[in-house]
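Everything below concerns the one structure shown next.
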Amino acid sequence: MLIDHLNRRLRERDAQSLRRRRRIAEAACGPHQRVAADGRPASEAREVLAFCSNDYLGLASHPALIEALAEGARLYGAGSGASHLISGHSRAHAALEDELAKWMAPSIPGAEVLSFSTGYMANLALLTALGDADATIFADKLNHASLVDGALLAKAELHRYAHRNLQVLERQLQACTTPIRLIVSDAVFSMDGDVAELDKLLALAERFDAWLIVDDAHGFGVLGAQGRGTLAHYGLCSERLIVMGTLGKAAGLAGAFVAAHPVIIDWLLQAARAYIYTTAAPPAIAHALRASLALIGGEEGEARRRHLKSLIAALRAQLGALIAEHPRLGWRLAESSTAIQPLIVGDNAAALAVAAALDAQGLWVPAIRPPTVPVGTARLRITLSAAHTEADVQRLVQALRCAARELSCHPTSILL
Ligand SMILES: Cc1ncc(COP(=O)(O)O)c(C=O)c1O
């Protein structure tokens with residue numbers, strides 16, 4: 001019965017071009033990958049040029065981080081052995097938290113930090129622990145799934161506002177009667193690449209005695225002086241800020257952290273189930289993350305951010321020209337100045353067709369479809385990394401030009 005039911009649902013997804021599939025990466029994360037189809041052996045892997053990771057600074061395969069990870073394993077072993085509150089909290093975790101607290105101090109005076117195994121869990125922990133029955137959560141409609149899930153799990157009332165629509169948010173805040181108010185937003189929206197107006201959100205938080213929870217998964221390491229993140233990009237500083245940053249994207253490893261007022265951090269330690277009831281991440285990762293912070297904040301990080309910025313400008317200029325050449329396709333480049341550069345195609349099958357046309361030319365760019373993005377806005381989520389070269393970007397645009405020509409002449413020829 002269950003199997004028949006699920007098979008029916010899987011077939012529905014197929015019919016709507018919504019079936020998801022994985023690929024197997026055979027090599028270290030980087031622009032030049034070897035990938036095999038899921039379920040196929042390594043011998044069938046192909047070389048591809050990838051534009052899909054969130055490794056924005058190209059640190060995931062950096063020799064210094066590989067060495068730091070090995071050193072961390074030699075010092076602390078392979079695993080943590082238990083949750084943080086039992087015996088899994090090592091000196092490596094404590095040192096990382098101290099360093100991140102210093103890192104965030106210019107934005108949140110007196111901040112303390114709690115480290116997590118993943119950003120997904122950090123967001124669940126944060127929203128369920130703070131969003132009790134005395135609270136209301138105000139959330140941007142395009143927030144990441146982990147913030148949506150955290151808000152749905154929380155006991156707080158939930159109001160979602162249209163993407164970046166601060167007038168709607170203001171009206172919702174005005175009407176709010178609970179004593180605790182939590183405004184929750186991605187800093188850089190993960191599927192659109194646009195940056196939330198954190199300065200205006202903070203002003204609203206101050207006016208309505210609310211707290212601003214910022215998910216800086218895609219800003220940490222990339223934006224602001226020394227890559228300190230989107231709060232630094234805006235030059236914000238307030239005790240009302242609560243920041244979640246992830247460490248598996250620009251930082252090149254894995255994990256996440258929450259930086260906030262010490263009492264908030266203490267409360268998370270006491271009450272956040274997604275923190276308490278899970279094994280601590282391997283200490284070696286925390287150890288290597290300190291080496292990553294040194295790279296991000298130093299000259300090498302600066303050079304990588306500069307290079308990334310020039311790649312973003314080159315890609316946008318070339319894609320803008322390409323879109324203008326093929327107006328009938330209805331493609332649109334999202335308004336984004338970050339490393340996330342979505343090419344919005346619209347229809348699910350059409351997005352898959354473009355991704356397939358790129359794949360046929362040896363390029364790996366994922367097609368993102370609902371429910372990850374709103375219906376009718378299926379897209380190629382192109383992400384750039386400092387590990388890409390200008391020639392890589394040109395190759396991507398050339399491949400998209402071929403796909404555009406083919407789709408313009410034979411709109412159904414390469415549909416899957
Ligand atoms: C905006 C945002 N928040 C949170 C997460 C979750 O972070 P993690 O991958 O560390 O679980 C992601 C992506 O994965 C994200 O894009």
Side-chain angles (χ1 to χ4, degrees), residues 20 22 25 29 51-57 59-60 93 96 100 113-128 137 139-154 160 163-164 182-196 198 201 212-223 229-231 233 241-260 268 272 274-275 278-282 285-286 288-289 292-293 296 334 336 338-342 366 368 371-374 379 381-385:
R20 296 165 189 254
R22 300 177 299 182
C29 175
F51 288 89
C52 32
S53 86
N54 302 312
D55 179 26
Y56 301 123
L57 298 182
L59 296 184
H93 294 111
L96 174 65
L100 283 166
V113 161
L114 202 61
S115 63
F116 289 80
S117 316
T118 72
Y120 189 95
M121 289 172 63
N123 279 339
L124 284 197
L126 197 50
L127 294 194
T128 53
I137 293 173
D140 189 292
K141 274 207 171 142
L142 293 193
N143 276 351
H144 187 257
S146 53
L147 288 175
V148 175
D149 293 355
L152 291 174
L153 263 181
R160 299 176 78 191
H163 181 47
R164 296 178 57 185
L182 306 168
I183 302 171
V184 182
S185 180
D186 280 19
V188 176
F189 287 88
S190 55
M191 295 299 137
D192 290 73
D194 55 338
V195 183
L198 296 185
L201 285 172
L212 177 57
I213 298 179
V214 175
D215 176 337
D216 206 15
H218 301 278
F220 184 80
V222 187
L223 298 182
T230 314
L231 298 180
H233 167 78
L241 289 163
I242 301 169
V243 173
M244 194 291 296
T246 61
L247 302 166
K249 299 180 176 20
L253 282 137
F257 68 91
V258 172
L268 293 181
Y275 179 78
T278 188
T279 301
I285 294 179
L289 277 165
S292 172
L293 289 180
I296 291 172
S336 160
T338 65
I340 302 167
Q341 289 292 324
I368 307 287
T372 309
V373 293
R379 64 197 64 188
R381 181 178 183 265
I382 302 167
T383 50
L384 291 169
S385 160

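Ligands are counted one by one from 1 in listed order, and the atoms in each one are counted from 1 as well.
- Listed for the Ser336 side chain is a donor-acceptor partner under 3.5 Å among the backbone atoms of Thr338.
- Nearest protein heavy-atom contact of atom 6 (C) of ligand 1 is Tyr120 N, 3.5 Å.
- When non-hydrogen atoms are compared, ligand 1 lies under 4.0 Å from the backbone of Thr118 as well as from its side chain.
- Under the 3.5 Å distance criterion, the side-chain polar atoms of Asn123 are left unmatched by any main-chain donor or acceptor of Ser146.
- Protein heavy atom in closest approach to atom 13 (C) of ligand 1: Lys249 NZ, 2.7 Å.
- Nearest protein neighbour of atom 16 (O) of ligand 1, counting heavy atoms only, is His218 NE2, 2.5 Å.
- When each of Leu198, Asp186, Ile183 is paired with Val214, the side-chain contact (heavy atoms from CB on, under 4.5 Å) condition holds for Leu198 and for no other.
- The closest protein non-hydrogen atom to atom 8 (P) of ligand 1 is Gly119 N, 3.3 Å.
- Only the side chain of Asn123 comes within 4.0 Å of ligand 1, judged by heavy-atom distances.
- Residue-ligand proximity: Ser146 is placed with a non-hydrogen atom under 4.0 Å from ligand 1.
- Checking Asp216 against Thr230 by side-chain atom types alone, a donor-acceptor pair falls below 3.5 Å.
- Arg160 places a side-chain N or O within donor-acceptor distance of the main-chain N or O of Lys141, the cut-off being under 3.5 Å.
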_The test is side-chain hydrogen bond (donor to acceptor under 3.5 Å, both in side chains); show your working for Asp194 and His163 and say whether it passes._
CA-CA 11 Å; Asp194 55 338; His163 181 47; 2.7 Å; yes
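- Ranking protein heavy atoms by distance to atom 3 (N) of ligand 1, first place goes to Asp215 OD2, 2.5 Å.
- Heavy-atom contacts of Ala217 reach the following atoms of ligand 1: 1 (C), 2 (C), 3 (N), 15 (C) (cutoff under 4.0 Å).
- Interatomic distance, Ile340 CD1 to Phe189 CZ, rounded to the nearest 0.5 Å: 11.0 Å.
- For atom 15 (C) of ligand 1, the choice among Met244, His144, Met191, Met121 with the nearest heavy atom turns out to be His144.
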